[in-house]
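Working notes, beginning with the structure itself.
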Amino acid sequence: MYKMLLVEDEPIVRLALKSLVDWNAYGFDEVLEASNGKKALEIMTARGDIDIVITDINMPVMNGIELIEKGKKLGGNTEFLVLSAYDDYPLVRSAFKLGINDYILKTEMEPDKIVKMVMTALEKKDGGSNKRSTIDRNELIRKLIDGDLSKAELDHSILRLKGDYYLCCSILIDNFRIIKKRYEDNDLKELISSVVNAVYQVLETVNTGEIISLSSEEYGMIFAFESSMKSDIDKKLAEILSKIRTSLSNFLNIEVTIGISEMNKDIRKIKPLLEEGQRNARLRFIYGKGKNIYPKDEEEVNNMRKNKNNNITQQIIIEMGKENGILEALDRLDEEKCIEEMKRIFKLKELSFTGDIESFYIYYLEIILMIIQYVIKDEENNYESTILENTDFYGEIRKFDTIAEIEEWIIKLLKNIISSLRKMNMVESEAIKHAKDFIQKNYGAKLTLDMVSKEVGYSKAYFSKIFTEETGDNFTTYLTNIRIEKAKELLTKTEMKIYEICEHIGYSNIEHFSRTFKKIVGVSPIQYKNNYMGR
């Protein structure tokens with residue numbers, strides 16, 4: 001005989017659980033009670049023979065989660081079942097992670113449901129018929145997929161596939177890298193078991209469909225419908241998938257994309273139908289996560305493939321280089337215009353599709369590399385080494401599951417590039433200001449471009465470029481203008497001789513100085529001085 005422990009802080013709920021079912025008829029000779037987790041743990045520790053614990057989640061003193069954690073450490077062979085309210089979902093998730101067998105909502109405490117839940121837990125505890133049933137069910141599903149199960153065998157099997165029209169779905173867990181981390185300390189078998197159980201409960205409730213794990217990330221479902229009316233099937237399927245989403249979200253905090261196949265009457269087509277569902281699920285890359293993706297969506301993708309442009313790279317270059325396009329906006333560091341143009345370029349992606357999702361990754365990689373190549377076209381601007389060093393752009397975009405995620409990441413990358421360029425421009429402006437000050441203080445020395453560029457910490461070529469962009473004059477012209485302006489000042493405000501002024505402002509040859517002065521001012525140094533004195 002079995003022992004049951006009911007753990008609930010509300011006496012009326014304990015009474016209901018105890019009196020709704022004749023537990024003795026199901027092999028229970030004792031049904032014990034506890035008003036909180038602490039008292040329940042004391043009973044479990046003292047007795048050591050409790051087979052089934054039905055526990056509330058929210059209780060005073062010690063809640064259900066803590067009871068399950070500590071109860072499992074006792075080392076017994078106790079199965080835990082959970083009572084929950086609609087607002088207990090986060091705690092129910094935690095309970096599932098601890099390996100509870102099942103749960104039931106307090107609002108749905110019907111005798112049949114309670115008995116079924118308890119008996120299933122007993123079968124699992126005893127390692128008998130329930131385990132064998134699960135193995136048998138999976139073996140049958142595998143045989144069905146492999147084409148080794150006849151229609152007659154299927155109709156007489158335990159599988160809930162009693163129709164003539166077959167359809168398959170693939171459940172693909174979204175954000176699997178994140179979900180996987182929750183189970184790093186445990187075997188992923190726990191994740192697989194939780195997902196299969198959650199979906200199985202839904203399918204059992206609607207009395208149709210089977211599920212099997214294809215991997216820890218992907219799960220296959222097979223349905224059989226009696227009617228071939230597409231509208232009826234679509235409606236029923238949508239209701240089932242909605243319930244599955246709700247169950248996975250509420251109790252496991254998992255969101256999924258579901259790929260759906262066409263319908264087929266041939267039982268030998270189950271495997272191709274399942275493969276179609278898997279292909280469609282992977283189209284979340286294009287359509288986004290958390291959706292049901294139907295055969296008609298695959299048709300749209302096939303049309304994209306037919307319309308592909310074999311010269312897409314050249315098309316991207318043309319679009320980027322258009323007047324007032326993204327490259328010009330980058331030159332102006334106009335973030336808003338850059339983003340607007342980038343989103344316009346994203347729309348060309350359909351032209352690149354070859355039928356393989358890999359073509360999309362290549363398309364986005366080309367966009368990134370073209371932008372980066374344009375930004376670092378000046379080898380001396382240090383941008384590549386400071387911002388983009390060791391960045392594996394292809395590896396980065398392959399981390400994402402959808403087009404929307406890649407495009408969002410590229411926009412962020414673009415914003416980061418513009419922000420960094422702006423900061424660099426500020427640094428460069430400071431460098432040019434320093435260079436100007438240095439020239440003002442040292443114009444009389446034998447100044448060279450090399451000397452000034454070293455003073456501000458840039459290569460000669462790059463400094464020459466940014467100096468011209470900032471001042472509007474090249475280095476030589478700017479230095480010459482400074483010297484001539486100083487010569488004009490000395491000619492009119494001092495008694496210095498022409499040769500003295502020539503030496504003072506950095507010229508070693510008086511003839512060269514005179515020619516340069518006349519070319520800029522329009523008259524020779526002596527004429528300029530005489531004209532000033534004659535006023």
Side-chain angles (χ1 to χ4, degrees), residues 327-334 374-387 418-535:
L327 299 185
E328 287 190 10
L330 261 178
D331 286 336
R332 300 192 304 271
L333 299 183
D334 184 342
Y374 185 78
V375 169
I376 63 173
K377 60 184 182 295
D378 303 306
E379 294 182 1
E380 305 292 337
N381 66 4
N382 297 321
Y383 187 77
E384 184 175 19
S385 61
T386 57
I387 305 299
I418 293 169
S419 174
S420 299
L421 287 174
R422 284 173 177 165
K423 290 176 183 176
M424 288 181 63
N425 280 359
M426 290 175 64
V427 172
E428 289 171 357
S429 294
E430 286 297 315
I432 299 303
K433 183 176 181 298
H434 178 54
K436 288 180 177 180
D437 291 341
F438 185 77
I439 292 169
Q440 283 286 354
K441 293 175 182 177
N442 298 280
Y443 63 85
K446 292 184 178 180
L447 275 185
T448 64
L449 177 63
D450 188 52
M451 287 172 59
V452 179
S453 62
K454 285 180 179 177
E455 173 66 22
V456 297
Y458 285 107
S459 72
K460 185 165 66 173
Y462 187 64
F463 171 73
S464 177
K465 174 184 176 298
I466 64 173
F467 187 87
T468 301
E469 289 175 351
E470 183 76 17
T471 64
D473 292 321
N474 62 36
F475 172 77
T476 301
T477 301
Y478 184 86
L479 177 59
T480 299
N481 288 336
I482 291 292
R483 286 172 167 171
I484 297 304
E485 285 300 313
K486 191 64 180 177
K488 287 162 67 178
E489 180 183 338
L490 295 174
L491 285 168
T492 58
K493 294 183 178 180
T494 71
E495 296 298 323
M496 292 176 68
K497 305 295 185 184
I498 300 296
Y499 73 88
E500 291 175 327
I501 293 173
C502 173
E503 291 176 356
H504 182 82
I505 64 172
Y507 284 94
S508 58
N509 186 297
I510 193 169
E511 290 182 2
H512 176 53
F513 163 62
S514 295
R515 283 196 304 272
T516 302
F517 190 96
K518 185 174 183 178
K519 181 179 179 182
I520 294 174
V521 180
V523 294
S524 67
I526 190 64
Q527 286 175 316
Y528 182 84
K529 184 178 181 70
N530 290 338
N531 289 343
Y532 181 83
M533 296 296 291
R535 291 177 184 177

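Here, residue 1 is the first one in the sequence, and each next residue gets the next number.
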How close do Met496 and Leu490 get, heavy atom to heavy atom, and via which atoms? SD-CD2, 4.1 Å

Test ring pair (Phe, Tyr, Trp, His ring centres under 6.0 Å) applied to Phe467 and Tyr458, Tyr462, Tyr478, the passing residue: Tyr478

How far does OG1 of Thr516 sit from CD1 of Ile484, to the nearest 0.5 angstrom? 6.0 Å

Residue pairs passing the salt bridge (Lys or Arg N to Asp or Glu O under 4.0 Å) test with at least one member in residues 439-464, sequence neighbours excluded, are Asp450-Lys454

Taking all atoms of both residues into account, what is the closest heavy-atom pair of Lys529 and Leu491, and its distance? NZ-O, 2.9 Å

Shortest non-hydrogen contact from Ile482 toward Gln440: CD1-NE2, 3.2 Å

Rounded to the nearest 0.5 angstrom, the OH-CD1 distance for Tyr528 and Ile498 is 12.0 Å

What one should report as the nearest heavy-atom pair of Cys502 and Phe513 is SG-CB, 3.8 Å

Least distance between heavy atoms, Ala487 atom then Ile505 atom: CB-CD1, 3.8 Å

Residues Lys486, Glu489: salt bridge by 4.0 Å N-O rule: yes

If a pair satisfies ring-ring contact (aromatic ring centres under 6.0 Å, His included) and one of its residues is in residues 433-455, list it, with sequence neighbours excluded. none

From Ile526 CD1 over to Lys497 NZ, what is the distance, rounded to the nearest 0.5 angstrom? 9.0 Å

Taking the side chain as every heavy atom from C-beta outward, state whether Ser514 and Ser524 have any pair of such atoms under 4.5 Å apart. no

His512: what forms a ring pair (Phe, Tyr, Trp, His ring centres under 6.0 Å) with it, not counting sequence neighbours? Tyr507

Least distance between heavy atoms, Asn481 atom then Ile520 atom: OD1-CD1, 3.9 Å

How many angstroms lie between atom CD of Glu495 and atom CD of Glu500, to the nearest 0.5 angstrom? 10.5 Å

Working to the nearest 0.5 angstrom, can you tell me the gap between Leu449 CG and Leu479 CG? 10.5 Å

Can you measure from CG (Asp437) to CD1 (Ile432) and round to the nearest 0.5 angstrom? 11.5 Å

